[in-house]
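Below: one structure, written as structure tokens.
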Protein chains: 2
Amino acid sequence: MAQPTICPKFEKAISLLSQRWTALVVYQLLLGTQRFSEIQSAIGISGKVLSDRLKDLERQEIVKREVIPDTPVIIEYSLTEKGRSMEPILRTIENWSQDWFQSESEV
Amino acid sequence: MAQPTICPKFEKAISLLSQRWTALVVYQLLLGTQRFSEIQSAIGISGKVLSDRLKDLERQEIVKREVIPDTPVIIEYSLTEKGRSMEPILRTIENWSQDWFQSESEV
DNA sequence: TCACTAGATTACTTTATGTAACTAAGTTTA
DNA sequence: TAAACTTAGTTACATAAAGTAATCTAGTGA
């Protein structure tokens with residue numbers, strides 16, 4: 001399936017962003033470097049899926065994983081330049097959501 | 001799960017956009033009104049999933065379904081104002097994809 | 001030694017997506 | 001008049017992705 005009517009670069013970007021949790025993980029890391037459990041509790045993702053996503057995002061050079069040899073060892077996740085370059089996407093979605101969605105209390 | 005650390009409006013927008021095919025359907029409809037089979041062959045989505053997505057998008061008032069009483073009947077899909085308001089999101093993703101993804105031939 | 005923590009991984013269940021065949025209503029063809 | 005074709009779907013079934021909970025591995029600390 002998938003006729004090549006649509007630009008392949010755009011399709012790659014869309015398939016990345018339409019993977020559940022990807023956008024939220026990046027959004028969360030825009031706040032700064034964070035540890036596994038911080039991301040997990042901030043966005044409410046399961047450990048398994050967060051682990052999968054972080055590996056994907058690392059492979060795509062969007063997220064950087066750093067092992068800090070503290071005691072016990074600390075593992076920090078942060079955005080690469082490519083990751084930070086996604087900020088306008090998230091901000092545009094954020095603005096749109098404010099303009100067009102109602103909050104629970106208004107429904 | 002899903003602690004409410006993140007703005008619920010933003011979360012709604014993200015969960016809409018992270019549904020597979022949603023963004024591509026909207027992107028396709030930015031080109032103008034189209035029929036079921038046109039969307040289907042343009043983006044290479046299965047009839048079942050396209051049918052599901054169009055119903056979702058109609059329910060969210062992003063897509064408008066119109067029955068044209070021609071012979072045989074024609075069913076046209078187009079974007080509502082809310083749907084068209086998603087254009088900046090898609091354009092931002094498009095720009096980002098051009099800057100940060102390589103095409104197959106460059107890999 | 002036992003219990004605790006962070007960062008995962010594994011086994012299993014549920015949900016989403018994909019494939020292919022089928023349907024309904026009308027149309028053209030033979 | 002039936003056979004075949006078209007559009008816009010739907011249904012049944014198969015596969016893939018995501019969720020849940022238990023487990024693992026170092027490295028503490030008591």
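Letters A, B, ... mirror the listed sequences (proteins, then strands); counts begin at 1.
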For this session: Take the protein atom CZ of A:Phe36 and the nucleotide atom P of D:dT25, then report the distance between them rounded to whole Å.
Result: 17 Å
For this session: Measure from the side chain of B:Ser37, starting at C-beta and using heavy atoms only, and say which of C:dG7, D:dA8, C:dT17 lies closest.
Result: D:dA8
Exercise. What is the distance, rounded to the nearest whole Å, between atom CZ of B:Arg65 and atom C1' of D:dA8?
Worked result: 8 Å
Problem set entry | Gap between atoms CD1 and P, on B:Ile75 and D:dT6 respectively (whole Å) | 18 Å
Exercise. Quick one: is D:dG9 close enough that its OP1 or OP2 comes under 4.0 Å of any side-chain N or O from B:Tyr77?
Worked result: yes
Problem set entry | Separation of atom CG in B:Asp56 from atom P in C:dT17, rounded to whole Å | 9 Å
Seminar exercise, completed: When rounded to the nearest 0.5 Å, the distance separating CD of B:Glu11 from CD1 of A:Ile43 is 9.0 Å
Exercise. Whole Å only: how far is the CD1 atom of A:Ile74 from the P atom of C:dA8?
Worked result: 13 Å
Exercise. Do NZ/NE/NH1/NH2 and the carboxylate oxygens of B:Arg35 and B:Glu38 come within less than 4.0 Å?
Worked result: no
Problem set entry | Residue met sooner reading DNA chain C from 5', once A:Glu76 and A:Arg20 are mapped to nucleotides | A:Glu76
Exercise. Is there a donor-acceptor pair under 3.5 Å between the side chain of A:Thr80 and the backbone N or O of A:Ile62?
Worked result: yes
Exercise. If only side-chain N and O atoms of B:Arg35 are considered, is one of them under 4.0 Å from the OP1 or OP2 phosphate oxygen of D:dA8?
Worked result: yes
Problem set entry | Protein-nucleotide distance (A:Asp52, atom CG; C:dA11, atom P), rounded to Å | 14 Å
Seminar exercise, completed: Ranking C:dG18, C:dT19, D:dT10 by distance to the side chain of B:Ser46, first place goes to C:dT19
For this session: Before accepting this row, confirm whether a basic side-chain N of the pair A:Lys55/A:Asp52 lies closer than 4.0 Å to the acidic partner's carboxylate O.
Result: no
Problem set entry | B:Arg84 side-chain N/O to B:Leu79 backbone N/O, donor-acceptor pair under 3.5 Å | yes
Seminar exercise, completed: When rounded to whole Å, the NZ to C1' distance for the pair A:Lys55 and C:dT10 reads 12 Å
Problem set entry | Side-chain N or O of B:Trp21 closer than 4.0 Å to phosphate OP1/OP2 of C:dG18 | yes
For this session: Record whether the side chain of A:Lys48 comes under 3.5 Å of the base of D:dA18 through a donor-acceptor pair of N or O atoms.
Result: yes
Exercise. Within less than 4.0 Å of OP1 or OP2 of C:dG7, is there a side-chain N or O belonging to A:Ser51?
Worked result: no
For this session: Rounded to the nearest angstrom, tell me the gap between atom CD in B:Gln40 and atom C1' in C:dG18.
Result: 12 Å
